[in-house]
Colleague: 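The structure under discussion is supplied below as structure tokens; questions concerning it will follow.
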Amino acid sequence: MKKITMFEHKKVLVLGLAKSGVAAAELLHKLGAFVTVNDSKPFDDNDDAKRLLEQGMHVICGRHPEDLLDEGFEVVVKNPGIPYSNIIVKDAIERGIPVWTEVELAYLVSEAPMIGITGSNGKTTTTTLLFNILNEGNKKPLIAGNIGTVACGVAEKAASDNVIVTELSSFQLMGTNEFKPHIAIWTNLFEAHIDYHGTMEEYANAKFNVTRNQDNEDFLIYNADQEIVASYVAQSKAQKIPFSSTRILEQGISCDADNIYWNREAFMARDVIALPGKHNVENAMCAIAAAKLLDTPQQAIEHVLATFAGVEHRTQFVTTLNNRKFYNDSKATNTLATRSALSAFKQPIVLLAGGLERGHSFEELREFMGNVHAVVVSGETAERFAEFAKSCGVETIERAEWVEEAVEKAYAMSNEGDVVLLSPACASWDQYSRFEVRGERFVKAVQALQQ
């Protein structure tokens, strides 16, 4: 960890705990800051707050006092999930107090170069692929960020010969100031999180922070097939590495039906990539480009791409049973993600769909429903998705209360050669606390079929 003195004897407020808040508070405390922690969870039920109090930090729990900032804080480090409409955050901005997320702290203390990966879709798969490739190539990678490992905690322990592969959400990036990854990856940009950011422009501006501070010694890998991404990328000072799945590029990485090309020269066969779908080819190209920039051996790249079965809950291959392939795509909490999953397969599909009712249309899926010959619906949107599936020409439609029942019905409805796909196009919160729980129960139910 870099020995920085900028926080010594400075008052810093950590707003919101969970993993990122605890890690940020502990790091700031080590750096000599006078840390105050403010969390909405009552102290008696807040083990994290109790532990931080024992370490000598000031803890305020159960409320957000309106006059909290009168104590003279110089920086606020907030949990990424706390919106900018929060009364403390708004007050800090009005007072000119910097409001950061812990990603900024990670950058400030890291001795290791950082790779920052963002995008509306594909960032988790890209992050995991790249980490595995670099690990196979003996590049000493560490993995951090929105993928579940707090970036500042990883950065605190990183050495100069490591490289930190960091998945970054727009929520995290919005709270950065000096953050400057050596390699940035911008997979794509679609409308998302408008309830948090307010407008598409604010959302895109937050994503742009992945490259905003880069210079000509840094690299930006970006989606050349999206005009909106290219328009933002034009403002970056980094060396630009475009990727495309629609045309062969003179510079950068691209593909056709047969090969992956690096600067227009065939680099590897496309069918080496085990993950199904065009979107996963794009994720793989991002990972390949970053790996090549770090001089990773081609053998390591190809080995990982040929053996990688997917990230949990993201078009994750589960098993083959009686010539039916089962895939867990529980992370598909919107139609865009389900559209990508459906387009990944040429085989007939039995689709498990439905979940939390948010009133959104399923029409974006219509042109991708051609291979779907049967559907099992559940959750609050069950009837509405059933009507939609019927309008798409799907004749076999069943209803199930829970995912276990849905798996049994889907298997009974399937034929040899089918794909049985959980890709709900809806959030899970009407029945399950998290999409991970829905996916885990799906996997267990599939495994039970084999017993």
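All figures in this text were calculated on a predicted structure; none of them were measured in a lab. Start at 1 with the first residue, then count along the sequence.
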Colleague: Please verify the inter-ring angle class for Tyr107 with Phe179; under 30° counts as parallel, over 60° as perpendicular, anything in between as tilted.
Modeller: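 Tyr107 and Phe179: perpendicular rings.
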
Colleague: Parallel, tilted or perpendicular, judged at 30° and 60°: which one describes the rings of Phe326 and Tyr411?
Modeller: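 Because their plane-to-plane angle lies in the 30° to 60° range, the rings of Phe326 and Tyr411 count as tilted.
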
Colleague: To check you understand the geometry: which heavy-atom pair defines the closest contact between Val403 and Arg441, and what is its length?
Modeller: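 That would be CG1-CB, 3.5 Å.
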
Colleague: Are Arg51 and Glu54 within salt-bridge range, i.e. N to O under 4.0 Å?
Modeller: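 No, no charged N to carboxylate O under 4.0 Å.
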
Colleague: Roughly how far, to the nearest 0.5 Å, is the CG atom of Leu52 from the CG atom of Asp48?
Modeller: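 Going from CG on Asp48 over to CG on Leu52, the span is 6.5 Å.
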
Colleague: So do the side chains of Ile164 and Ile115 get within less than 4.5 Å of each other, counting heavy atoms only?
Modeller: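 Side-chain contact under 4.5 Å: no.
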
Colleague: Taking all non-hydrogen atoms of both residues into account, name the closest pair between Ala206 and His197 and its distance.
Modeller: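 Looking at all heavy atoms of both residues, the shortest contact is CB-CE1, 3.8 Å.
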
Colleague: Should the heavy atoms of other residues, nucleotides or ligands under 6.0 Å from NZ of Lys140 be counted, would the total exceed 12?
Modeller: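 No - once you tally the heavy atoms of other residues, nucleotides and ligands closer than 6.0 Å, there are 12 at most.
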
Colleague: Does the plane of the ring in His313 sit parallel, tilted or perpendicular to the ring in Phe435? Use 30° and 60° as the thresholds.
Modeller: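 It falls in the perpendicular class, over 60°.
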
Colleague: Please answer whether the main-chain N or O of Arg212 pairs with a side-chain N or O of Asn209 as donor and acceptor at a distance below 3.5 Å.
Modeller: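 Answer holds: no.
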
Colleague: Donor-acceptor check, side chain of Trp100 to backbone of Glu102, threshold 3.5 angstrom: yes or no?
Modeller: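 Answer holds: no.
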
Colleague: When you measure from the centre of the six-membered ring of Tyr84, is the NZ or CZ of Lys78 closer than 6.0 Å and no more than 45° off the axis?
Modeller: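 Satisfied, under 6.0 Å and within 45°.
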
Colleague: Hey, is the main chain of Glu416 close enough, under 3.5 Å, to the side chain of Asn323 for a donor-acceptor pair?
Modeller: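 Judged by distance alone, no pair lies under 3.5 Å.
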
Colleague: Can a donor-acceptor pair be found between the side chains of Thr118 and Lys123 at a distance below 3.5 Å?
Modeller: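 Side-chain D/A pair, Thr118 to Lys123: absent.
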
Colleague: Under 3.5 Å, is there a donor on one side chain and an acceptor on the other for Gln450 and Thr319?
Modeller: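 There is such a pair (donor and acceptor under 3.5 Å, judged by atom type) between the side chains of Gln450 and Thr319.
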
Colleague: Compile the donor-acceptor pairs under 3.5 Å between side chains in residues 147-159 and protein atoms, sequence neighbours left out, one pair per line.
Modeller:
unit_1	atom_1	unit_2	atom_2	d
Glu156	OE2	Lys30	NZ	2.6

Colleague: Can you establish whether the number of heavy atoms outside Glu436 located under 6.0 Å from its atom CD is more than 12?
Modeller: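 Yes - once you tally the heavy atoms of other residues, nucleotides and ligands closer than 6.0 Å, there are more than 12.
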
Colleague: Can you tell me if CZ on Arg434 sees more than 12 non-hydrogen neighbours from other groups inside 6.0 Å?
Modeller: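 More than 12 heavy atoms, drawn from other residues, nucleotides or ligands, come within 6.0 Å of this atom.
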
Colleague: Under 3.5 Å, side chain of Asn415 to main-chain N/O of Gly417, donor-acceptor pair present?
Modeller: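 Answer holds: no.
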
Colleague: Would you check if there is a donor-acceptor pair between the side chains of Glu357 and Thr381 at a distance under 3.5 Å?
Modeller: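 Result is no, nothing qualifies.
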
Colleague: Is it true that Ser244 and Ser254 share a donor-acceptor pair across their side chains at a distance under 3.5 Å?
Modeller: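 Judged by distance alone, the side chains do not pair up.
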
Colleague: Would Tyr222 and Phe243 count as a ring-ring contact (aromatic ring centres under 6.0 Å, His included) if you check the C-alpha gap in whole Å, the side-chain angles of each, and the deciding distance to 0.1 Å?
Modeller: CA-CA 6 Å; Tyr222 71 96; Phe243 73 85; 7.6 Å; no

Colleague: Could you tell me which non-hydrogen atom of Thr320 sits nearest to which non-hydrogen atom of Lys325, and how far apart they are?
Modeller: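 Looking at all heavy atoms of both residues, the shortest contact is OG1-NZ, 3.4 Å.
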
Colleague: Do we see a donor-acceptor contact under 3.5 Å between the side chains of Arg366 and Ser391?
Modeller: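 Side chains of Arg366 and Ser391: pair found under 3.5 Å.
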
Colleague: Mind checking whether Ser20 and Pro80 have side chains closer than 4.5 Å, heavy atoms only?
Modeller: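 SC-SC contact between Ser20 and Pro80 confirmed.
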
Colleague: State whether Glu440 and Lys444 are salt-bridged, where the test is any N-O pair (Lys NZ or Arg NE/NH1/NH2 against Asp/Glu carboxylate O) under 4.0 Å.
Modeller: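 Looking at Glu440 and Lys444, the cut-off is not met.
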
Colleague: Heavy atoms only: give me the nearest Gly145-Thr166 pair and the separation to one decimal.
Modeller: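 Scanning both residues completely, I find the closest heavy atoms to be CA-CG2, 3.9 Å.
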
Colleague: What are the two closest non-hydrogen atoms of Asn188 and Val229, and how far apart are they?
Modeller: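 Looking at all heavy atoms of both residues, the closest pair is C-CG2, 4.1 Å.
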
Colleague: If you define the side chain from C-beta out and look only at heavy atoms, does anything of Asn38 sit under 4.5 Å from Pro65?
Modeller: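 Result yes, sub-4.5 Å side-chain heavy-atom pair found.
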
Colleague: Going by distance alone, is a donor N or O of one side chain under 3.5 Å from an acceptor N or O of the other, for Arg314 and Thr125?
Modeller: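 The criterion, which ignores hydrogens and geometry beyond distance, is not satisfied for Thr125 and Arg314.
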
Colleague: Identify the two heavy atoms, one from Ile241 and one from Gly252, that lie closest to each other, and give their separation to 0.1 Å.
Modeller: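 Looking at all heavy atoms of both residues, the shortest contact is CG2-CA, 4.1 Å.
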
Colleague: Counting only N and O atoms by type, is there a donor-acceptor contact under 3.5 Å from the side chain of Asn371 to the main-chain atoms of Phe345?
Modeller: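 The answer is yes, because a donor-acceptor pair under 3.5 Å joins these two groups.
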
Colleague: Are the side chains of Ile260 and Met285 in contact, using a 4.5 Å heavy-atom criterion?
Modeller: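 Side-chain contact under 4.5 Å: yes.
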
Colleague: If we check side-chain contact (heavy atoms from CB on, under 4.5 Å) with His373, which of these qualifies: Leu351, Asp418, Val394?
Modeller: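 Of the listed residues Leu351, Asp418, Val394, the side-chain contact (heavy atoms from CB on, under 4.5 Å) partner of His373 is Asp418.
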
Colleague: If you define the side chain from C-beta out and look only at heavy atoms, does anything of Ile185 sit under 4.5 Å from Thr187?
Modeller: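 They are in contact (side-chain heavy atoms under 4.5 Å apart), so the answer is yes.
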
Colleague: Within this structure, what is the SG-CD distance for the pair Cys426 and Gln431, rounded to the nearest 0.5 Å?
Modeller: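 Result: 10.5 Å between the selected atoms.
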
Colleague: Between Asn280 (side chain) and Asn283 (backbone), is there a donor-acceptor pair under 3.5 Å?
Modeller: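 The answer is no, because no donor-acceptor pair under 3.5 Å joins these two groups.
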
Colleague: For Thr211 and Gln214, test the side chains for any donor-to-acceptor distance below 3.5 angstrom and give the result as yes or no.
Modeller: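 On atom types as modelled, these side chains qualify, holding a pair under 3.5 Å.
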
Colleague: Parallel, tilted or perpendicular for Tyr232 and Phe208, by the 30°/60° rule?
Modeller: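 Taking Phe208 first and then Tyr232, their aromatic rings sit tilted (interplane angle of 30° to 60°).
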
Colleague: For Ala445, check side chain to side chain contact (heavy atoms under 4.5 Å, CB included) against everything at least two apart and list the hits.
Modeller: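 With sequence neighbours excluded, Ala445 shows a side chain to side chain contact (heavy atoms under 4.5 Å, CB included) to Glu404, Val407, given in chain and number order.
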
Colleague: Just by distance, do the side chain of Tyr196 and the backbone of Ile82 share a donor-acceptor pair under 3.5 Å?
Modeller: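 Answer holds: yes.
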
Colleague: So, His64 and Asp39: side-chain donor and acceptor under 3.5 Å apart, yes or no?
Modeller: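 Absent: no donor and acceptor within the cut-off.
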
Colleague: Is Asn146 reaching over with its side chain to a backbone N or O of Leu168, donor-acceptor style, under 3.5 angstrom?
Modeller: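 No.
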
Colleague: With distance as the sole test, does Asp218 use its side chain to make a donor-acceptor pair with the main-chain N or O of Ala238 at under 3.5 Å?
Modeller: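 The answer is no, because no donor-acceptor pair under 3.5 Å joins these two groups.
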
Colleague: Measure from the side-chain N and O atoms of Lys139 to the backbone N and O of Leu294, and report whether any donor-acceptor pair falls under 3.5 Å.
Modeller: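 Looks like yes, one N/O pair under 3.5 Å.
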
Colleague: Please report the interatomic distance CG(Asn121) to CG(Leu336), rounded to the nearest 0.5 Å.
Modeller: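 Reported to 0.5 Å precision, the distance equals 4.5 Å.
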
Colleague: For Lys90, look at atom NZ and say whether over 12 heavy atoms of other residues, nucleotides or ligands are found less than 6.0 Å away.
Modeller: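 Check fails, neighbour count at 12 or below.
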
Colleague: Does a side chain donor of either Asn132 or Asn135 reach within less than 3.5 Å of an acceptor in the other side chain?
Modeller: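 No, no side-chain donor-acceptor contact under 3.5 Å.
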
Colleague: About how many Å separate CG of Leu129 and CD1 of Ile288, when rounded to the nearest 0.5 Å?
Modeller: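 So the gap between those two atoms works out to 8.5 Å.
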
Colleague: Hey, does Val37 have a side-chain heavy atom less than 4.5 Å from the side chain of Ile60?
Modeller: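 Result no, sub-4.5 Å side-chain heavy-atom pair not found.
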
Colleague: Can a donor-acceptor pair be found between the side chains of Tyr203 and Ser120 at a distance below 3.5 Å?
Modeller: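 A donor-acceptor contact under 3.5 Å links the two side chains.
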
Colleague: Is there side-chain contact between Phe388 and Leu365, with heavy atoms separated by less than 4.5 Å?
Modeller: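 Touching, per the 4.5 Å side-chain cut-off.
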
Colleague: First locate atom CG of Leu421, then atom CG of Asn328, and finally report the distance between them rounded to the nearest 0.5 Å.
Modeller: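 Separation between the atoms: 9.0 Å.
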
Colleague: Should Val376 and Met413 count as side-chain neighbours, where that means a heavy-atom distance under 4.5 Å?
Modeller: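 Yes, at least one pair of side-chain atoms sits under 4.5 Å.
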
Colleague: Is a side-chain donor-acceptor pair under 3.5 Å present for Thr124 with Glu167?
Modeller: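 Note: Glu167 and Thr124 side chains meet the donor-acceptor criterion.
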
Colleague: Mind checking side chain to side chain contact (heavy atoms under 4.5 Å, CB included) for Gln299 and listing every partner two or more places apart, or none if nothing turns up?
Modeller: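 For Gln299, no residue satisfies side chain to side chain contact (heavy atoms under 4.5 Å, CB included) once neighbours in sequence are set aside.
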
